[in-house]
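Only one structure is covered here, and it is reproduced in the block below.
Just so you know, these numbers come straight off a predicted model, no measurement behind them. For ligands, and for the atoms within them, numbers begin at 1 and follow the listed sequence.
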Amino acid sequence: MNSRVLVVGAGHAGATVAGLLRQAGHTGPVELFGDELDLPYHRPPLSKKFAEGQLEQWLRPAEFYREQDITVRLGEHVTAIEPAERRVRTDSGEARGYDHLVLATGARPRPLPAAGAELAMSLRTLADARILRKCVAERRRLVIVGGGYIGLEVAAVARANDLEVTVVEREDRVLARVSSARLSGILAEYHRNRGTRILTGAGVSALDGRDGRVRAVVLDDGTELACDAVLAGVGATPRDELAAAAGLRCAQGVIVDSHARTSDPHILAIGDVTRRPLHTGSLARLESIPSATEQARQAVATILGTAPVRAEVPWFWSDQFDLKLKIAGLVPPEPGTVVRGDPATGRFALFHHLGGTVTAVEAANSPAEFMAGKKFIASGARIDPAGLADAGTPLRDAVIH
Ligand SMILES: Cc1cc2nc3c(=O)[nH]c(=O)nc-3n(C[C@H](O)[C@H](O)[C@H](O)COP(=O)(O)OP(=O)(O)OC[C@H]3O[C@@H](n4cnc5c(N)ncnc54)[C@H](O)[C@@H]3O)c2cc1C
């Protein structure tokens, strides 16, 4: 209860673990180091609400940290961990000791592997979102490289603001890594019907421009897409270099167990920087708020020695135009799929199952179907596909007892 806890990274995971420690009665010093200048904030609105409203949505107001006696050190980069001495070094030259160190260093945007990549914007931080907002306000022609969730969310907002939008995707469908082919098809059509051009199977070889301003995107086949702005949304890589340099086990992410423990007994890791066990037992890197929150709870239980946290089915959400998407479970490889509702109306759920056992649900504007699907996955319930497909059959009646 009174150990000295240092948290590196003042993002969602880091700020959450600091707050939860106090909520659970931890009385020792808690220090939160973040190299951004802003108080910890919500990242999801950056790709969904950058054109309207307030971007600065703090996770907690400044008073919260004062009242909870959490020391927040913003604009300070932790440069090294010295595990044998149990201390870290910061770029201000300071050394700080710890009993428990929590690494919550997140991820950074993957650079676009193309000539002239420095002409593209990326989207991870508040500062990035402010630049994107300016670009939308100037009503430019926008090319988005990468048809992942962030790329499609930005495309939807940009189209709603009358920009000319082209999405360039290297794979043969959007969301190839993270969604079913069925959902990819439905979403691509939804975007195309609203005026977005989507090019799949298209690699980018270069960005052309001068004096810091982009003029065109050049595709592998030589096609030039004239534009005034480019957003690169080609994924993120874990910021695990600090952990790797300290000798912690890493493999494209810090390897942790289901208690947020790393290979060093005094160091925990949580959030986007980790490669973590899933409810199925396999290891994966999840980039989502629910996962960061679950791991923050795991870290608190480990530090305080309280009951372990029950494994959650992974889930996340995305907003595109008027579609509120919620996805749970692991989608590929694709087993059977039951469609409930009508994709043409924008209200539907795709239940993916393996011999009647639900492995994933992808729901649009269907919160009840999402919740039921998540429960089916967690319990391993067997469902009757015909009953599930019939919107007139109550969801609970689709379970085979
Ligand atoms: C635009 C966008 C939209 C998203 N939308 C959704 C969504 O709709 N739903 C969803 O579930 N998830 C969404 N996500 C993902 C979600 O935001 C992340 O999973 C979550 O923020 C991860 O939290 P984290 O604390 O692990 O990492 P981060 O939030 O990245 O925080 C890490 C922090 O650590 C700092 N840091 C790193 N190294 C050091 C160091 N050495 N010293 C000091 N500080 C350091 C970084 O600067 C950063 O501030 C979105 C992400 C983005 C970028």
Between the candidates [options], which shows the shortest non-hydrogen contact distance to [atom]?
| atom | options | result |
| --- | --- | --- |
| atom 30 (O) of ligand 1 | His77, His12, Arg124 | Arg124 |
| atom 20 (C) of ligand 1 | Thr90, Leu32, Ile289 | Ile289 |
| atom 17 (O) of ligand 1 | Glu36, Arg43, Glu241 | Arg43 |
| atom 25 (O) of ligand 1 | Gly9, Ala243, Ala13 | Ala13 |
| atom 53 (C) of ligand 1 | Leu123, Asp128, Leu46, Thr125 | Leu123 |

Out of all atoms in ligand 1, which are within 4.0 Å of some heavy atom of [X]? Include the element for each.
| X | result |
| --- | --- |
| Gly11 | 25 (O), 29 (O), 31 (O), 33 (C) |
| Leu242 | 41 (N) |
| Lys48 | 5 (N), 6 (C), 7 (C), 8 (O) |
| Phe316 | 11 (O) |
| Pro290 | 11 (O) |
| Gly271 | 26 (O) |
| Glu287 | 15 (C), 19 (O) |

Report yes or no: does a heavy atom of [X] sit under 4.0 Å from some atom of ligand 1?
| X | answer |
| --- | --- |
| Val8 | yes |
| Arg108 | no |
| Glu76 | yes |
| Ala104 | yes |

- Query: Which bit of Asp272 is near ligand 1, meaning a heavy atom under 4.0 Å away: side chain, backbone, both or neither?
  - Reply: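 Both backbone and side chain of Asp272 come within 4.0 Å of ligand 1.
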- For the side-chain hydrogen bond (donor to acceptor under 3.5 Å, both in side chains) test, which of His352, Glu362, Arg182 pairs with Thr337?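 Answer after filtering His352, Glu362, Arg182: His352.
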- Message: Could you report the tightest heavy-atom contact between Leu304 and Ala24, atom names first, then the distance?
- Response: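 Smallest heavy-atom distance, with atoms named: CD1-CB, 3.4 Å.
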- Which atom of Ala13 lies closest to which atom of Gly271, heavy atoms considered: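 Scanning both residues, the minimum pair turns out to be CB-CA, 4.0 Å.
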- Message: The criterion is salt bridge (charged side-chain N to carboxylate O under 4.0 Å, His left out); which residues satisfy it with Glu224, sequence neighbours excluded?
- Response: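 Result, salt bridge (charged side-chain N to carboxylate O under 4.0 Å, His left out) vs Glu224: Arg215.
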- Task: Look at the side chain of Glu36 and the backbone N and O of Thr125, then say whether any donor-acceptor pair between them is shorter than 3.5 Å.
- Result: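 No, the answer is negative, given that no donor and acceptor are paired below the 3.5 Å cut-off.
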Is the shortest distance from a Lys or Arg side-chain nitrogen in [X] or [Y] to a carboxylate oxygen in the other one below 4.0 Å?
| X | Y | result |
| --- | --- | --- |
| Arg124 | Asp128 | no |
| Asp272 | Arg43 | no |
| Arg4 | Glu31 | yes |

- Message: Below the 3.5 angstrom mark, is there an N/O of Asp35, backbone or side chain, next to an N/O of ligand 1?
- Response: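 Looking only at distances, the answer is yes, because the N/O contact criterion of under 3.5 Å is met.
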- Item | Heteroatom proximity flag, Ser288 to ligand 1, N/O under 3.5 Å |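 By distance alone, the answer is yes.
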- Is there any salt bridge (charged side-chain N to carboxylate O under 4.0 Å, His left out) pair reaching into residues 342-353, and which pairs are they, with sequence neighbours excluded?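 Residue pairs passing salt bridge (charged side-chain N to carboxylate O under 4.0 Å, His left out), neighbours aside: none found.
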- Task: Test the Arg194-Tyr190 pair against the cation-pi criterion, namely NZ or CZ under 6.0 angstrom from the six-membered ring centroid and within 45° of the ring axis.
- Result: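 Yes, cation above the ring, under 6.0 Å and within 45°.
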- Message: Under 4.0 Å from atom 37 (C) of ligand 1, can you find at least one protein heavy atom?
- Response: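 Looking at atom 37 (C) of ligand 1, one finds that a protein heavy atom does lie closer than 4.0 Å.
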- Message: Strictly less than 4.0 Å: does any protein heavy-atom distance to atom 14 (N) of ligand 1 fall in that range?
- Response: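 No.
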- Mind checking whether Phe316 and Tyr149 have parallel, tilted or perpendicular rings, split at 30° and 60°?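 Ring orientation of Phe316 relative to Tyr149: perpendicular.
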- Query: Would Arg276 and Ser291 count as having a side-chain donor-acceptor pair, cut-off 3.5 Å?
  - Reply: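 Yes, because at least one side-chain N or O of Arg276 sits under 3.5 Å from a partner of the opposite role on Ser291.
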